[in-house]
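Take a look at the structure set out below.
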Amino acid sequence: MKIPFIDLQKQYQEYKKEIDEQIAEVLESSIYIGGKKVTLLEEKLAKFTGAKRAIVCSSGTDALLLSLMALGIKKGDEVITTPFTFIATAEVISLIGATPVFVDIDEKTYNIDPNKIEEKITKHTKAILPVSLYGQVADMKEINKIAKKHDLKVIEDGCQSFGATYRGKKSCNLSDIGCTSFFPSKPLGCYGDGGAIFTNDEELALKIKMLLNHGQNMRYRHKYIGINGRLDAIQAAVLLIKLKYFSNEVKQREEIGKRYTNLLKDSDIITPYIEDDRSSVYAQYSIRVKNRDKVIEHLNKQGIPTAIHYPMPLHLQECFGYLGYKEGDFEVAEKISKEILSLPMSAFLNKEVQDDIVKALL
Ligand SMILES: *Cc1c(COP(=O)(O)O)cnc(C)c1O
């Protein structure tokens, strides 16, 4: 038995005819950057989330970077975020010269704990950057409330939560800016790198659009220092097809996630806790076990792959050594990073395979 961690092949076979046709159309058109498919995708993505504007770009990382640039965040500024996330979230804050300020996570949802945010706000704080980890939206109502009180901007890192809902609204349309990633293994993935930025602020959208094209407002006229952060037409073509089926896939993911939880409920394994006012897209189905190394070995022996998201919290990473954090600073993040374990998950995981995974676990 050989189970893929995320079954991208099954998905491709399912949509192959349409995807191949769309890619061929791009190849025949000779328009490889920008063009109609990119514009159409932006319209469809905006509609999907309910945000006024969607701007596609080169990756989730660049989406976050462009958001910070558009808000004018710079050297000396502070941005509050979580230490329990993929490196990109905090990396981009440092990259533009600002300082990531970490706040510990909630032990149940693994998202930033809103109760610990205010004590970290200083006169240098410019924004809060919560992550909607594993596909469950962070506590955006509380976070937005704090931001409003202290005149801060909120950027949701929705790189794992595209398609998730929070109090009836879609992830990426819950704050000043929402960012997502179309990395192949994300809930909505393309066949290379890609990402998108969402906002209801037209002016901000316009600035982001310029920033990702070298700060250009007219050809060879550069209003801002920008980057090359465009999404290419082939990726847009792939996403146009996958987006058609995405709502259905989100439903399947949710069913599979809930089924895992139900099958594991009588064990001492800690399963994902999803708040009543939100739905998860289960970008990862991550459980907590005490003897993780043994569990991994046991599963791997039976052909079941696993992954750890994430084995080391960001405040302990070598690249952030200059920030001066030490072991013990964020106890919840540190504890969870030692116990967390992700199981195979995709919209195409069938019941028999899932049963085998659960059987191996129990
Ligand atoms: C994947 C991911 C990113 C980065 O997205 P890329 O498209 O790989 O650049 C950022 N933040 C989180 C939480 C992610 O999971």
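Both counts, for ligands and for their atoms, begin at 1 and track the order of listing. Predicted model only: the values in this text are computed from it and were never measured.
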| Is it the side chain (CB and beyond), the backbone, both or neither of Ser59 that lies under 4.0 Å from ligand 1, heavy atoms counted? | both
| field | Proximity of Thr85 to ligand 1 by residue part, where a heavy atom lies under 4.0 Å | value | side chain
| request: Look only at interatomic distance and state if Gly60 has a nitrogen or oxygen under 3.5 Å from any nitrogen or oxygen of ligand 1. | output: yes
State whether [X] and [Y] are salt-bridged, where the test is any N-O pair (Lys NZ or Arg NE/NH1/NH2 against Asp/Glu carboxylate O) under 4.0 Å.
X: Glu255; Y: Arg259; result: no
X: Lys290; Y: Glu339; result: yes
X: Asp139; Y: Arg278; result: yes

| field | Shortest non-hydrogen contact from Lys120 toward Glu78 | value | O-OE1, 4.5 Å
| request: Check Leu27 against Tyr32 and note the closest heavy-atom contact, atom names and distance. | output: O-OH, 3.1 Å
| said: Using a 4.0 Å cut-off to any heavy atom of Val131, which atoms of ligand 1 qualify? | reply: 13 (C)
| ligand 1 atoms in contact with Thr89 (distance to a heavy atom under 4.0 Å) | 11 (N)
| Of Leu65, Asp62, Leu129, Asp157, which has the heavy atom at the shortest distance from atom 13 (C) of ligand 1? | Asp157
| request: Identify which of Cys190, Ser181, Gly189, Gly195 has a heavy atom lying nearest to atom 5 (O) of ligand 1. | output: Ser181
| query | When you measure from atom 4 (C) of ligand 1 to every protein heavy atom, which one gives the shortest distance, and what is it? | reply | Thr61 OG1, 3.5 Å
| Which protein heavy atom lies closest to atom 14 (C) of ligand 1, and at what distance to 0.1 Å? | Lys186 NZ, 3.0 Å
| request: Find out whether the Lys NZ or Arg CZ of Lys170 is both under 6.0 angstrom from the six-membered ring centre of Phe48 and within 45° of the ring's axis. | output: yes
